[in-house]
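Working notes for the structure below.
Residue numbers start from 1 in every chain, and the chains themselves are labelled A, B, ... in the order their sequence lines are given, proteins ahead of strands.
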Amino acid sequence: MPNEHNVPALPRIGVYVCHCGTNIAARVDVAAVTEYASHLPYVSVAREYKYVCSDPGQELIKKDIEELKLNRVIVASCSPHLHEHTFRLTTQAGGINPYLFQMVNIREHVSWVTEDSAAATAKAKALVRAAVQRVVFHEELAPKSYPVHPQVLVVGGGIAGIHAALTLANAAKHVYLVEREPSIGGHMAKFDKTFPTLDCAACILTPKMTAVKAHPNITLLTYSEVTRVDGFVGNYRVQVKRKPRYVEENKCLGCLECITGCVYKDARYPSEFELGLGKRKPIYVPFPQAVPLVPVIDAETCILFKSGKCPKGCVKACGDRAAINFDQKEEVLELEVGAIILATGFQTFDAGRLPFYGYGLYPNVYTSLEVERLVNASGPTGGEIVLRDGRRPKRVGIIHCVGSRDDQTNRWCSRVCCMYSLKLAHLIKERTGAEVYNFYIDMRTPGKGFEEFYQRLLDEQVHFIRGRVGEVNDWAAIPEEEGKLIIRVEDTLIGIARRIPVDMVILSVGLEPQADAAEVRKLFNITSSAEGWFLERHPKLAPVNTFSDGIFLAGCCQGPKDIPDSVAQAGAAAAEALALIDKGCVELEPNTAWIDAEHCSGCQACVALCPFTAIRFDAERRVSVLNEALCKGCGTCVAACPSGAAQQHLFLDEELFAEVEGVLA
Amino acid sequence: MNEDFEPRIVGMFCNWCTYLAADLAGTSRMKYPPNVHVVRTMCSGRVDPQLILWAFRCGADGVLVGGCHFGDCHYQEGNHKAFRRILLLKQLLPQLGIEPERLRLEWISAAEADRLCAVIADFREQIRQLGPLRAPLEEEKMEHVPA
């Protein structure tokens, strides 16, 4: 219960109510709230201001602290997640302890969520009253300071992860780059050309991949996954599991003779990298430019693992380099890092979820990612665009928005499909001379050079039909449709239903969060949007930060984006990580708990409750003792303590009880 | 039911999920009844049953505790502790003459602003049906007063 005796001598409170332009003032009667606040106990001054967070607004507070000898400050404006830090610094600059400040959220929680001005004003008054009652109990505190490990962990070796790792390594920071596939490169390594410049993807990506491998400041851990994350900002302990590839990386030279030597003379297993369009052997590299260029033995298909009997052609081919080791075991590494960058990417929409497009039923219905491999010179057909039976397509239909902008599947726009569809249309037209039809809802080409590329495609006589395709089937209605796939669509620009017979259908599949994004999110203790994309701390002011300090986002794990945006975001994430670790120390919110030995009855309820084992029982003194360094400030022990001996800074019982009483007074 | 009755509800929201959902509801300009006054805690595990009773004592008609979904707790398992405590407190409330429906625990993630709005609207309606906290107590007393 609030105890009058704990009230320090004569609080002098300054209350500042913000208009936030019209964001607050249009709904809340700011003058009335200010007038109301000025009569609350211990309030020395209450003022309203257009933008309290602006320089003059902050100066106002600092001047008042000095001239009116304020010892408590309250700002009623936006969410503390936005500007609590700002105003704590203002309070400190004014000459008093920054924790003698309290923020009231009358924008996100009041003016923006109701249209009733009278109710909004009443609610704002109640929240200000609660803060006035609460701030009286605030104590002087000092942030906890901890040293920071100078290393950084980057999770995911696609273009975003690669760029972030290189940026940090070039700044002389040590980076651990963890990738779960046998090679880095991600989705970009599968592409032939990139839009709208038609740059060769391999020509711009592979030099960066090689640079990662060669960089002295990067430890590359492929075929590896993060399995545990402990600690806190600046001091993360990470466990990485390295899957056995049965070829020792430090001994392998990358000559690939072992693959030639394999007892299977022909590749016969579907290649994961080629999305099943190409074949591989049990010992393989995913693609010729793989980094590291070290083969992997797939225990599922290797005859030695299956039967125990094999002439071991691979071992013989390797000879005295002796890199092949069938006894290799899973390895577990423990890393200590100061910051983590998540660049775990995306997966493409499973086209089989929309059965009316015939994917999996008709062999010549492809996903766009499969066609990326078909047009790629290092792909399964050597860049020849051919159907499954080897024929060249004469007519090709590209269906946009498959698994995007659709209430039945994913509602978001995947951002890249319009442009990659244009790119594929151009490449197919250029190489086969086929008639290419694009079926679109809206063409979305906002980006540097994007609209010009669209215009170029129009000039190239590529067909554009506006309408969402209803069905793909092979039911010929006229002789010309025999042996073709029929795309049935309403052409919404001329208002008629059309049947377009084609040889090849390409489904422009959208981007989705990775299948295991939810597990990864929990592993790193970050949040995600309802769709499953990792959530940034603030969409505009902290777009690469997460709500867990020291963990940053880059690339498509945060939402669909193209290569330039992924690279830009990776650079931003690297800069944020650099700013954190270069400072050398990190200051944490002093919201830790403590146990007053005088009041502790020794019941030990708190000991079992603490998730961080920060509390132990001192058998000699028969009291619980809290280790502040381990406490993360959840306050669970405080809520459980029957004697009120456990308390939490910034969330003292007095403060919370006063706040509750205040909102209801 | 008194049509004019607007219940006073205290929201005790976790800093990492429901508080952020309330922020998101604001930035998305979603609308919900202005009855819920939010008190922020670092974790739903910090919500002391005594704090809830104190809210009723101070005149709240309802208390809404918002925490992270199971498995999502920023502090591993504080929400489990909140769940246990509130389950027990709901057993105790009728003995104090408080309908257990006046206390509600909801898991609302930072992304679920729409769900927060729906929960608040629904809870407000539920409390409106119940009426002000003290009213039934007063009526009960009246009936037993000898004529």
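Of the atoms belonging to A/L609, heavy atoms from both backbone and side chain fall under 4.5 Å from chain B. Only the backbone of B/C73 has a heavy atom closer than 4.5 Å to any heavy atom of chain A. Contacts between A/T114 and chain B at a heavy-atom distance below 4.5 Å involve backbone atoms as well as side-chain atoms. Contacts of A/A665 with chain B are made by backbone atoms alone, with heavy-atom separations under 4.5 Å and no side-chain atom involved. In this structure, the portions of A/L656 lying under 4.5 Å from any heavy atom of chain B include both its backbone and its side chain. Proximity to chain A (any heavy atom under 4.5 Å) is shown, for B/L24, by neither the backbone nor the side chain. Neither the backbone nor the side chain of B/D114 comes within contact range of chain A; no heavy atoms are under 4.5 Å apart. Residue B/K31 touches chain A through both its backbone and its side chain, counting heavy-atom pairs closer than 4.5 Å. With a 4.5 angstrom heavy-atom cutoff, A/D116 does not touch chain B via any of its atoms.
Using a 4.0 Å cut-off between charged nitrogen and carboxylate oxygen, B/R29 and A/E115 do not count as a salt-bridge pair. Ion pairing of A/D653 with B/R46 is present here, as a side-chain N (NZ or NE/NH1/NH2) and a carboxylate O approach within less than 4.0 Å.
Taking the six-membered ring where the residue is Trp, B/Y19 and A/H81 present tilted rings, their angle falling between 30° and 60°.
Put simply, CD on A/E108 and OG on B/S28 are 10.5 Å apart, with the number rounded to the nearest 0.5 Å.
Between the side chain of A/W112 and the main chain of B/T27, no donor-acceptor pair closer than 3.5 Å is present.
Listed in order of number, the residues of residues 85-93 of chain B that approach chain A to under 4.5 Å between heavy atoms are B/R85.
Interface summary for chain A: among B/G78, B/A110, B/G71, B/A82, the most heavy-atom pairs under 4.5 angstrom belong to B/G71. In terms of heavy-atom pairs under 4.5 Å with chain A, the best-connected choice from B/H80, B/R57, B/R115, B/Q76 is B/Q76. Of all the listed residues (B/E6, B/E112, B/E77, B/R40), the one sharing the greatest number of non-hydrogen pairs under 4.5 Å with chain A is B/R40.
For the residue pair B/D23 and A/N105, a side-chain donor N or O sits within less than 3.5 Å of a side-chain acceptor on the partner.
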